[in-house]
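Everything numeric in this text was worked out from a predicted model, so none of it was measured. Start at 1 and go down the list; that is how both ligands and their atoms are numbered. Here, residue 1 is the first one in the sequence, and each next residue gets the next number.
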Amino acid sequence: MAGKGGKVGPGRRAARVGRPGHAGDAKLRRVTTARLGEMKARGEKIAMLTAYDFSFARILDGAGLDVLLVGDSASNVVHGHETSVPITLDQMIDHAAAVVRGVERALIVVDLPFGTYQGNSQLALESAVRIMKEAGAHSVKMEGGDVIIDSVRRVLSAGIPVMGHLGLTPQSIYKFGSYTVRATKQEEAEQLMRDALLLQETGCFALVLEKIPARLAARVAKRLTIPVIGIGAGSQVDGQVLVTHDMLGLNKEFSPRFLRRYAELHEVMSEAFGRYLADVKAGRFPSAEESY
Ligand code: KIV
């Protein structure tokens with residue numbers, strides 16, 4: 001596809017060289033799993049957002065985000081499913097490959113989707129290897145604690161970095177039946193702490209905690225030496241993650257308490273689409289200057 005100004009893909013990529021913080025910048029230093037550990041050690045917060053395509057990845061990376069998560073939330077916000085369950089490994093690989101092409105600095109983490117690692121460590125290894133080889137990703141994320149530990153261990157044994165994910169684990173939505181706050185009872189909180197320690201011991205480089213009480217998340221972050229990234233887990237953790245489409249206000253209906261909207265893009269986009277529609281209908285677009 002021809003780009004603006006007649007440039008094709010590689011030309012667009014070349015045009016990025018020289019942008020502050022990007023290729024051609026001697027100061028550019030890739031974010032690695034080791035660097036995230038160093039950030040935790042010196043108390044520097046980690047900023048992570050989701051990305052599912054090239055254009056968003058390029059903007060997010062240029063803005064300086066430390067970690068881009070190719071989340072299986074793509075199932076909801078890109079593909080329009082009610083849950084994250086239906087998205088396939090092939091779809092995740094397509095999203096991840098596009099994100100990889102847009103990133104020069106951030107660490108890229110890719111969700112292993114539902115059904116590609118639970119209860120089968122050989123399958124887990126094969127799924128993770130596909131993500132690394134076919135998409136060129138840097139690491140994977142898996143939901144769960146002791147019940148998936150064989151799969152985590154097997155993936156790690158291949159040298160693939162793994163990020164854990166505890167608390168609200170959307171792939172198990174049909175087991176729990178709701179998206180309410182997790183680990184509010186003592187027994188569940190104790191199990192979460194045991195799972196967090198187990199994931200660290202097994203070799204995970206970081207852990208996501210989703211929708212749990214802030215005090216519990218703070219205790220986990222204090223106890224672990226690996227970075228703990230929260231979503232709906234309060235401020236006393238080592239970093240934060242949100243779904244990019246949600247924090248940009250693309251979806252007006254989704255407004256849980258933990259979500260801060262940094263833009264109201266639904267309004268901005270609707271207004272732009274409306275103006276375009278009116279211009280086309282009235283024959284105001286294109287103008288003579290916009291014609292060849
Ligand atoms: O899929 C996703 O976007 C996630 C985040 C909510 C952590 O797993």
Tell me: protein heavy atom nearest [atom], and distance?
atom: atom 6 (C) of ligand 1; answer: I231 CD1, 3.7 Å
atom: atom 4 (C) of ligand 1; answer: L69 CD2, 3.5 Å
atom: atom 2 (C) of ligand 1; answer: S73 OG, 3.3 Å
atom: atom 8 (O) of ligand 1; answer: K141 NZ, 2.9 Å

Q: With side chain to side chain contact (heavy atoms under 4.5 Å, CB included) as the test, would you mind laying out the steps for V77 and N251 before giving the verdict?
A: CA-CA 8 Å; V77 299; N251 174 3; 5.6 Å; no
Proximal atoms of ligand 1 relative to [X] (non-hydrogen, under 4.0 Å):
X: V243; value: 3 (O)
X: H165; value: 8 (O)
X: D72; value: 1 (O)
X: T50; value: 3 (O)

If the threshold is 4.0 Å, N to carboxylate O, is there a salt bridge linking [X] and [Y]?
X: E126; Y: R130; result: no
X: E187; Y: K185; result: no
X: D66; Y: R105; result: yes
X: D61; Y: R58; result: no

Q | Close aromatic pair by centroid cut-off 6.0 Å: H95 and H79 | A | yes
Q. Is the F56 to H245 ring centre distance short of 6.0 Å?
A. yes
Q.
Using a 3.5 Å cut-off on N or O atoms only, is D111 in polar contact with ligand 1?
A. yes
